[in-house]
> 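If you scroll down you'll find the structure; I have some questions about it.
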Amino acid sequence: GQQLNQSPQSMFIQEGEDVSMNCTSSSIFNTWLWYKQDPGEGPVLLIALYKAGELTSNGRLTAQFGITRKDSFLNISASIPSDVGIYFCAGPSNTDKLIFGTGTRLQVFP
Amino acid sequence: ETGVTQSPTHLIKTRGQQVTLRCSSQSGHNTVSWYQQALGQGPQFIFQYYREEENGRGNFPPRFSGLQFPNYSSELNVNALELDDSALYLCASRWQGKDTEAFFGQGTRLTVV
């Protein structure tokens with residue numbers, strides 16, 4: 001079945017540093033979504049991407065839809081403590097269900 | 001604030017019991033999906049309802065069932081609870097025509113003992 005793999009699995013960075021994470025799939029996706037989940041909460045949508053090559057920003061967050069449509073990237077600039085959480089990529093399967101990646105856990109130290 | 005609310009927030013049940021979890025979707029969203037998220041994992045798709053009918057199901061047994069109502073609320077029912085059913089259960093709502101910008105509730109933490 002369709003799967004989304006995220007890397008790195010976890011990151012430990014210092015406040016102010018930039019962060020990059022990515023999501024890859026063995027099959028093509030027509031939409032890429034990036035979510036952030038805080039402990040004990042539901043995922044919150046950060047950015048939605050709909051076209052191959054698209055680059056979209058939301059404040060300090062920038063995400064790109066890979067040209068091959070098999071990957072996507074999320075960058076966070078000048079990280080702050082509230083960026084801590086788990087970041088998930090997600091995309092609709094060929095049966096229209098939303099598939100989630102394995103997640104990247106981000107820890108930011110002051 | 002996603003406009004999607006779930007109840008209860010926490011629940012403890014005994015193995016073999018039945019449970020009903022509830023979700024109130026964003027007004028106007030005609031599609032609701034339910035997910036199970038085990039600790040340290042990504043959400044796993046259980047099923048999806050569109051206009052009150054199930055139109056997609058993940059790899060979950062029939063003892064997981066659901067309902068969607070005209071007032072944008074929905075339910076997830078689980079019968080014969082097993083210890084492995086302990087997880088965070090999430091519902092997400094969206095407008096079918098707008099592809100997949102799904103908005104999640106805060107989840108219900110179910111513990112089966």
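Lettering of chains follows the sequences in order, A, B, ..., and the numbering in each one begins at 1.
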> Should B:Phe64 and B:Leu67 be counted in the same cluster of Ile, Leu, Val, Met, Phe, Trp and Tyr side chains packed under 4.5 Å apart?
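Result: no, two separate clusters.
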
> Would you say B:Tyr89 and B:Val32 are hydrophobically clustered, going by side-chain heavy atoms of ILVMFWY under 4.5 Å?
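Same cluster: B:Tyr89 reaches B:Val32 through Ile, Leu, Val, Met, Phe, Trp or Tyr contacts under 4.5 Å.
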
> With clusters defined by side-chain heavy atoms of hydrophobic residues (ILVMFWY) lying less than 4.5 Å apart, directly or transitively, does B:Ile46 cluster with B:Tyr50?
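No; tracing contacts between hydrophobic side chains, which count when under 4.5 Å, never links both residues.
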
> Listing request: all disulfide bond (SG atoms under 2.5 Å apart) pairs with a residue in residues 16-92 of chain A, at least two apart in sequence or in separate chains.
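Every disulfide bond (SG atoms under 2.5 Å apart) pair that includes a residue of residues 16-92 of chain A, provided the two are not neighbours, is A:Cys23-A:Cys89.
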
> For the CD1 atom of A:Ile86 and the CD atom of B:Gln41, what is their distance to the nearest 0.5 Å?
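A:Ile86 atom CD1 to B:Gln41 atom CD measures 10.0 Å (nearest 0.5 Å).
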
> Should the heavy atoms of other residues, nucleotides or ligands under 6.0 Å from CZ of A:Arg60 be counted, would the total exceed 12?
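Buried by this count: over 12 neighbours within 6.0 Å.
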
> Take atom CG of B:Asn59 as the centre, draw a 6.0 Å sphere, and report whether it contains more than 12 heavy atoms from other residues, nucleotides or ligands.
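No.
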
> Do A:Val84 and A:Val44 sit in one hydrophobic cluster, given that two such residues count as connected whenever their side-chain heavy atoms are within less than 4.5 Å of each other, even indirectly?
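No.
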
> Give me the atom names and distance for the closest heavy-atom approach of B:Leu90 to A:Gly42.
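So the two residues come closest at CD2-CA, 3.6 Å.
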
> For the CD atom on A:Gln9, are there more than 12 heavy atoms of other groups (residues, nucleotides or ligands in this structure) within a distance under 6.0 Å?
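Count not over threshold, so no.
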
> Quick one: what part of B:Phe47 sits under 4.5 Å from any heavy atom of chain A, side chain, backbone, both or neither?
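The answer is neither part of B:Phe47.
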
> With disulfide bond (SG atoms under 2.5 Å apart) as the rule and sequence neighbours excluded, what pairs involving residues 46-80 of chain A come up?
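Non-adjacent pairs meeting disulfide bond (SG atoms under 2.5 Å apart): zero.
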
> Where does B:Gln6 contact chain A at under 4.5 Å (heavy atoms): side chain, backbone, both or neither?
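For B:Gln6, there is no contact with chain A at all, as no heavy atom is under 4.5 Å.
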
> Hey, any chance B:Val112 and B:Leu76 share a hydrophobic cluster, counting ILVMFWY side chains that come within less than 4.5 Å of each other, even indirectly?
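Both belong to a single hydrophobic cluster.
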
> With a strict 4.5 Å heavy-atom criterion, list every residue of residues 67-76 of chain A that contacts chain B, or say none.
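Under the 4.5 Å heavy-atom cut-off, nothing qualifies.
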
> At under 4.5 Å between heavy atoms, what parts of residues 99-110 of chain A are in contact with chain B? List them by residue number.
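The list, in residue order, reads A:Phe100, A:Gly101.
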
> Considering only heavy atoms, which portion of A:Gln37 lies under 4.5 Å from any heavy atom of chain B: side chain, backbone, both, or neither?
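Answer is side chain: those atoms of A:Gln37 sit under 4.5 Å from chain B.
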
> What's the separation between atom CZ in B:Arg94 and atom CG in A:Leu45, rounded to the nearest 0.5 Å?
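The CG atom of A:Leu45 is 12.5 Å from CZ of B:Arg94, to the nearest 0.5 Å.
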
> How close do B:Tyr35 and A:Leu98 get, heavy atom to heavy atom, and via which atoms?
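Shortest heavy-atom separation between B:Tyr35 and A:Leu98 comes out as OH-CB, 2.9 Å.
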
> Hey, is CD1 on B:Ile12 packed in by over 12 heavy atoms from elsewhere, all under 6.0 Å?
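Counting other residues, nucleotides and ligands, CD1 of B:Ile12 stays at 12 neighbours or fewer.
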
> Just wondering, are more than 12 heavy atoms of other shown residues or ligands nearer than 6.0 Å to CG in B:Leu39?
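Atom CG in B:Leu39 is not packed in, count stays at 12 or less.
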
